[in-house]
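Presented below is the structure to which this report refers.
The figures that follow rest on heavy atoms only: side chains count, while hydrogens, waters and symmetry mates do not. Predicted model, so just to flag it, every value in this text is computed and none were measured.
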Amino acid sequence: MVPLQCGAIYARFSTKHQHSIEDQVRKCLEWAEQQGITVRPEHIFTDEGITGRSSRRRGLEGLRQALEGKDVDVVIALATNRLFRKAYKAAQFVEEEIVDRKKRAVFIDSNIDTADEDRWRQYFQMQSMMDEFAATSTVGNIRASLEGLFLQGRVFGSLTFGYTGQEIAGVKTRNGGTARKVVIDPVTSDWVKKAFVWFVEDRQPILQIAHRLITEGAPPPPHVADGRWSQGAVRRLLGNERYTGSWAYGKTKSTWNNAKSYTRQVPRDKPLKTVQREDLRIIDDVMFHKAQEILAANRHQVAGRKPHDTTMPRPKLLNGLLYCTAHDRALVVGANYGRHMFCPICKKEPQPALYSVLPRELAHRQICQTIADLIQHDTGLVDLAIAACQRYAEAAGKPDPDQLEALHRKKASLTVKINFILDAPGETDADRAESKKKLQVLRAERSAVLTQIAEMEAASGRSAAIPTADQIHQGIDEVADVLLRAGESKDPAQWGAARRVLESVTGGKIVVSQQGEAKAKRGWLRGTFRVRIIQLLARQCACDCRDDGVEVSVDFRDPPPEAAIAEKVKTMFDLGMLYKDIAKQLNVYRPLVPKALKYWFTSRGLPVPDGRLRRFELEHATPNAYVFQQIAEEALQLYHQGLLVKQIAEQLDCHYITATKAVHHAQVQRGLAPLDGRTRLATLSPRPADSITSQEADRIEPPSSVIQDDSSVLTSGNTAGDTRAEEARPAA
């Protein structure tokens, strides 16, 4: 009696093959029933939609575990390529996992049974090679079919974010479905434009762009497991050339790694097919190449951990603008919860070129304020901007062919260098790391060249209108307003507009150098850049002109105490007041006055006047040189009207000491006795209410009569004064 055999079925479905899982299992069960082999439901192992080149398959692992036990005697499969696509791997599995365990394998369509010990190996090798050849021979036909669909603008795979499929009336696919063509999706394409504007114009970090796409409700990107925007998804979006209308098919090819059992996409030397579809353009060439330039220049940036202090705003409009003077490297954010910026290379050196760290908020405020002041106080900007626009209008639509040809040659040269590094990255890890750095620099240079080419080609044939003086004035006011609001604002939305202004004005680079001593609290950083205001104003009027600009330096440190009173000190200095009088007027220490005056002159690049020479000149100057001399006559009149010196100062809007000196000066000029405030206070009858205490008011009797002339006033006042003094004197 033949013992009862237990079988196990393995079926695998690949999208490139015709047999479904149900068909394979059905045929295997029919054969097992004919042969009297029992197959339990738990011994049917399947892998659906998985390539046969992979060894990591759930169904295949289940079959291995079943073969390790004693419950399975026969393995049944439809063909040899159901186990593995590679013939040698399929033969290895049959030998090691089935035959060596004294078990049987049957492949129904291939008519191979390992029970035939003499011939099954030869049949298996021949049939597995034929199955592998049949599978690979269809690749060319599939590729040709997909190329045809690509050239027709048809949808044949997953669509890029920003595009959708539109049904083609009356056209069917091979499977009987409705054919579709690729068109721009009005919803998702708006998010693509926003992402490019945030990255190129507002210079927002990729992580922040991903966060905004999530919080503002953007549709999820394709091919993302969790359906959320990430840094990688945003980076792929910004680097996708399809948004410029340049569509390519076959840019990469799949290469299978047998050792690691996965497919790797390897770039081809050139795409199989390339077409330019202007009807599918979402982003213009200038913005796209600027994005590639920024991406290539900031490949080293990684996302750090979230700062502890999330309540304080950190202005990001300076990110990527500040460069170390020694290493030509953009400063990175860090130190003290992201409030400062520093050079990462200097941080590792024993004697760094930049010892001090840069306060982000202070640099943000001072740069915006400095540029705004230059724009507002330069009276010749309007004429220069109009002249620049006139020159541009004369040359509009006529780009320099020599310059354009030179840019194309430079692009070709950079492309050759990039391809050379890609073909020979090096043999050691150090060589590959060095090649990676060189590749990053070359790609950034090529992106910059492509941006210039795109700008010149876009300007070709474009007419330019010369702006009026009112339009230039309006542009100046708008730019200054944007900078001033961004310098004081905590709103990140206003930083985007200021970032675009800074990019255009500074050329995208501010060189930072060390000043003072390389010690704690002894040094500071200085930013040096060229301000190209004419270029900015011309571009606001749709005129593209080059401007060398003027060099400006900004010290990134808090102003000294004397800076707060510098303007007031300069005003009093111009009125001819001495340092001691200015100090009394402002109620500050006298040494602070010359410091404030020195700060006012040095901050504007002017020579500081000699205080000793000025004092000598003031002592021999006309009486009108002093403020108290100018108000002396008016002060004396008020004095004779019976007003106190304090009241005179309030009425003449001056300091108490200035009013005192004015009355004293007027009396000396008339040959009168000098002012004695205490004696005069006693002569006033009645005394002013604000000069009499409540205790004195109880003891003072009202005068019996009103004195009419000056002499009687003096006599009556003295008598009353003596009487009050006598009453107030304590008893012996």
Side-chain angles (χ1 to χ4, degrees), residues 149-168 180-206 208-224 227-252 271 273-296 298 443 446-462 496-497 499-500 503 542:
L149 296 176
F150 170 76
L151 295 175
Q152 296 173 20
R154 299 261 294 273
V155 178
F156 58 86
S158 59
L159 284 167
T160 305
F161 184 81
Y163 300 95
T164 186
Q166 186 180 49
E167 294 185 358
I168 304 174
R180 298 183 302 161
K181 67 177 181 179
V182 182
V183 295
I184 295 177
D185 185 7
V187 177
T188 56
S189 61
D190 287 341
W191 291 104
V192 173
K193 296 175 183 178
K194 289 181 181 179
F196 272 90
V197 170
W198 293 340
F199 184 68
V200 176
E201 297 184 356
D202 298 349
R203 282 303 181 93
Q204 296 183 13
I206 293 179
Q208 184 176 348
I209 295 175
H211 179 69
R212 289 192 65 175
L213 290 172
I214 295 173
T215 56
E216 296 184 15
H223 307 298
V224 177
R228 291 172 60 87
W229 285 95
S230 62
Q231 284 183 292
V234 175
R235 186 178 288 274
R236 288 192 295 271
L237 182 146
L238 296 173
N240 196 335
E241 198 173 4
R242 286 187 172 183
Y243 295 126
T244 62
S246 178
W247 284 62
Y249 169 74
K251 296 175 66 174
T252 61
K273 294 291 181 180
T274 303
V275 294
Q276 182 65 31
R277 296 284 304 276
E278 289 299 326
D279 58 318
L280 298 180
R281 178 187 288 275
I282 299 177
I283 304 298
D284 60 85
D285 292 335
V286 176
M287 178 169 285
F288 180 79
H289 290 309
K290 283 184 178 179
Q292 308 319 301
E293 183 179 355
I294 299 171
L295 286 172
N298 296 281
R443 281 175 171 167
R446 185 174 64 176
S447 298
V449 172
L450 290 173
T451 302
Q452 295 181 32
I453 293 174
E455 289 177 348
M456 292 185 66
E457 291 178 348
S460 178
R462 185 173 60 190
R499 174 70 189 210
R500 291 190 286 272
E503 282 277 343

Within the distance-only criterion (no hydrogens, no angle test), does the side chain of [X] pair as donor or acceptor with the backbone N or O of [Y] below 3.5 angstrom?
| X | Y | value |
| --- | --- | --- |
| Tyr163 | Arg242 | yes |
| Gln292 | Leu238 | yes |
| Trp247 | Leu280 | no |

Shortest non-hydrogen contact between [X] and [Y], atoms and distance:
| X | Y | result |
| --- | --- | --- |
| Trp229 | Ile214 | O-CD1, 3.5 Å |
| Ile282 | Gly162 | CD1-O, 3.8 Å |
| Ala291 | Phe199 | O-CE2, 3.6 Å |
| Leu159 | Gly165 | CD1-N, 3.5 Å |
| Gly153 | Arg277 | CA-NH1, 3.6 Å |
| Ile168 | Arg154 | CD1-CD, 3.5 Å |

Calculate, to the nearest 0.5 Å, the distance between atoms [atom1] and [atom2] belonging to [X] and [Y] respectively.
| X | Y | atom1 | atom2 | answer |
| --- | --- | --- | --- | --- |
| Glu241 | Ile283 | CD | CD1 | 13.0 Å |
| Gln231 | His211 | CD | NE2 | 13.0 Å |
| Leu295 | Glu293 | CG | CD | 10.5 Å |
| Ile294 | His289 | CD1 | NE2 | 13.5 Å |

Legend entry - Proximity of Phe196 and Trp191 rings by center, below 6.0 Å: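 Ring centres of Trp191 and Phe196 not closer than 6.0 Å.
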Is any side-chain heavy atom of [Y] closer than 4.5 Å to one of [X]?
| X | Y | answer |
| --- | --- | --- |
| Ile209 | Lys194 | no |
| Val275 | Phe150 | yes |
| Gln204 | Arg212 | yes |
| Phe288 | Leu450 | no |
| Glu167 | Arg180 | yes |
| Trp198 | Leu213 | yes |

Inset, instruction - Classify the side-chain pair Thr244/Arg281 by whether it contains a donor and acceptor separated by less than 3.5 Å. - result: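 No - no donor-acceptor pair under 3.5 Å links their side chains.
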